[in-house]
Amino acid sequence: QVQLVESGGRLVQAGCSLRLSCAASGRTFSTPAIGWFLQAPVKEREFVAAITWKGASTGYADTVKGRFTISKDNNKNTVYLQMNSLKPEDTALYYCAAGFWPLSTLDLISSWGQGTQVTVSS
């Protein structure tokens with residue numbers, strides 16, 4: 001089992017930047033990929049970005065390409081999501097997720113964090 005703890009979500013204005021962090025612990029070796037999903041009110045949870053623990057393969061949803069960057073610190077077992085040029089439509093609960101590459105669908109996820117709220121005001 002992998003435990004995931006997110007941090008960094010808060011209220012920001014449109015156009016601003018924010019960095020989310022996800023600290024992983026436990027059997028991290030059992031989940032080759034880690035990344036982020038978001039869930040806006042009354043919407044389905046959707047993929048944002050993913051990265052592999054070994055090497056640095058990355059994947060992004062089309063809606064965030066060029067604005068968001070995922071990175072990791074293997075020594076700290078921590079994954080980051082740098083979010084630039086934030087828009088009001090980025091407002092959502094952001095979840096850290098661990099599982100199997102490419103991590104872009106819910107069936108590939110084996111562990112979830114509790115989520116961190118990002119709110120972007122216009």
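Positions are given from 1 along the sequence. No hydrogens, no waters, no symmetry mates; every other heavy atom, side chains included, goes into these values.
- With hydrogens and angles disregarded, no donor-acceptor distance shorter than 3.5 Å links the side chain of Glu6 to the backbone of Tyr95.
- The stretch residues 77-111 participates, sequence neighbours left out, in these disulfide bond (SG atoms under 2.5 Å apart) pairs: Cys22-Cys96.
- Atom CD in Gln3 sits 10.0 Å away from atom OG1 in Thr28 (nearest 0.5 Å).
- With sequence neighbours excluded, no residue forms a side chain to side chain donor-acceptor pair (under 3.5 Å) with Asn75.
- Tracing side-chain contacts under 4.5 Å through hydrophobic residues (I, L, V, M, F, W, Y), one never reaches Val79 starting from Ile109; they form parts of separate clusters.
- Sorted by first and then second residue, the ring pair (Phe, Tyr, Trp, His ring centres under 6.0 Å) pairs with a member in residues 16-55 read Phe37-Phe47, Phe37-Trp112; sequence neighbours excluded.
- When all heavy atoms of Val2 and Leu4 are compared, the pair lying nearest together is CG1-CD2, 3.7 Å.
- As a member of the Ile/Leu/Val/Met/Phe/Trp/Tyr network built from side-chain separations under 4.5 Å, Tyr80 groups with nothing else and remains a singleton.
- Residue Ser110 comes nearest to Thr31 through the heavy atom pair OG-CG2, 3.2 Å, listed as atom of the first residue, atom of the second, then distance.
- Looking only at distances, a side-chain donor or acceptor of Ser30 sits under 3.5 Å from a matching main-chain atom of Arg27.
- Between the CD atom of Gln39 and the OH atom of Tyr94 there is a distance of 12.0 Å, given to the nearest 0.5 Å.
- Closest of all the heavy-atom pairs between Pro102 and Leu108 is CD-CD1, 3.7 Å.
- The side chain to side chain donor-acceptor pair (under 3.5 Å) search around Ser7 returns none, not counting sequence neighbours.
- Judged as a side chain to side chain donor-acceptor pair (under 3.5 Å), and not counting sequence neighbours, Asn77 has no contacts.
- Sorted by first and then second residue, the disulfide bond (SG atoms under 2.5 Å apart) pairs with a member in residues 55-91 form an empty list; sequence neighbours excluded.
- With sequence neighbours excluded, no residue forms a side chain to side chain donor-acceptor pair (under 3.5 Å) with Asp73.
- Ile34 CD1 to Leu103 CG: the interatomic distance, rounded to the nearest 0.5 Å, is 8.5 Å.
- Annotation for Ala14 and Ser122: closest pair CB-CA, 4.3 Å, computed over non-hydrogen atoms.
- In the hydrophobic clustering of ILVMFWY residues, with side-chain heavy atoms under 4.5 Å counting as a link, Met83 and Tyr60 come out together.
- In terms of heavy-atom proximity, Thr58 sits nearest to Trp101 at C-CH2, 3.5 Å.
- Evaluation of the side-chain contact (heavy atoms from CB on, under 4.5 Å) rule for Ser17 yields Gln82, Asn84 as partners, not counting sequence neighbours.
- Here salt bridge (charged side-chain N to carboxylate O under 4.0 Å, His left out) pairs that include residues 39-57, with residues two or more places apart or in two chains, number zero.
- Put simply, CG on Leu18 and OG1 on Thr116 are 8.0 Å apart, with the number rounded to the nearest 0.5 Å.
- The structure places CG of Asn74 at 12.0 Å from NZ of Lys76, a figure rounded to the nearest 0.5 Å.
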Q: Evaluate the side chain to side chain contact (heavy atoms under 4.5 Å, CB included) criterion for residues Thr91 and Gln117: first the C-alpha distance (whole Å), next the side-chain angles of each, then the deciding distance (0.1 Å), finally the verdict.
A: CA-CA 8 Å; Thr91 294; Gln117 179 67 39; 4.0 Å; yes
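- Scored by the salt bridge (Lys or Arg N to Asp or Glu O under 4.0 Å) test, Asp62 finds Lys65 as partners (sequence neighbours excluded).
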Q) Given Ser121 and Leu11, is the side chain to side chain contact (heavy atoms under 4.5 Å, CB included) satisfied, shown in steps? A) CA-CA 7 Å; Ser121 64; Leu11 172 65; 4.2 Å; yes
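- For the pair Thr119 and Val12, the minimum side-chain heavy-atom distance is 4.5 Å or more.
- Closest approach of Ser21 and Thr78 over heavy atoms only: CB-CG2, 4.4 Å.
- Sorted by first and then second residue, the salt bridge (charged side-chain N to carboxylate O under 4.0 Å, His left out) pairs involving residues 77-94 (not counting sequence neighbours) are Arg67-Asp90.
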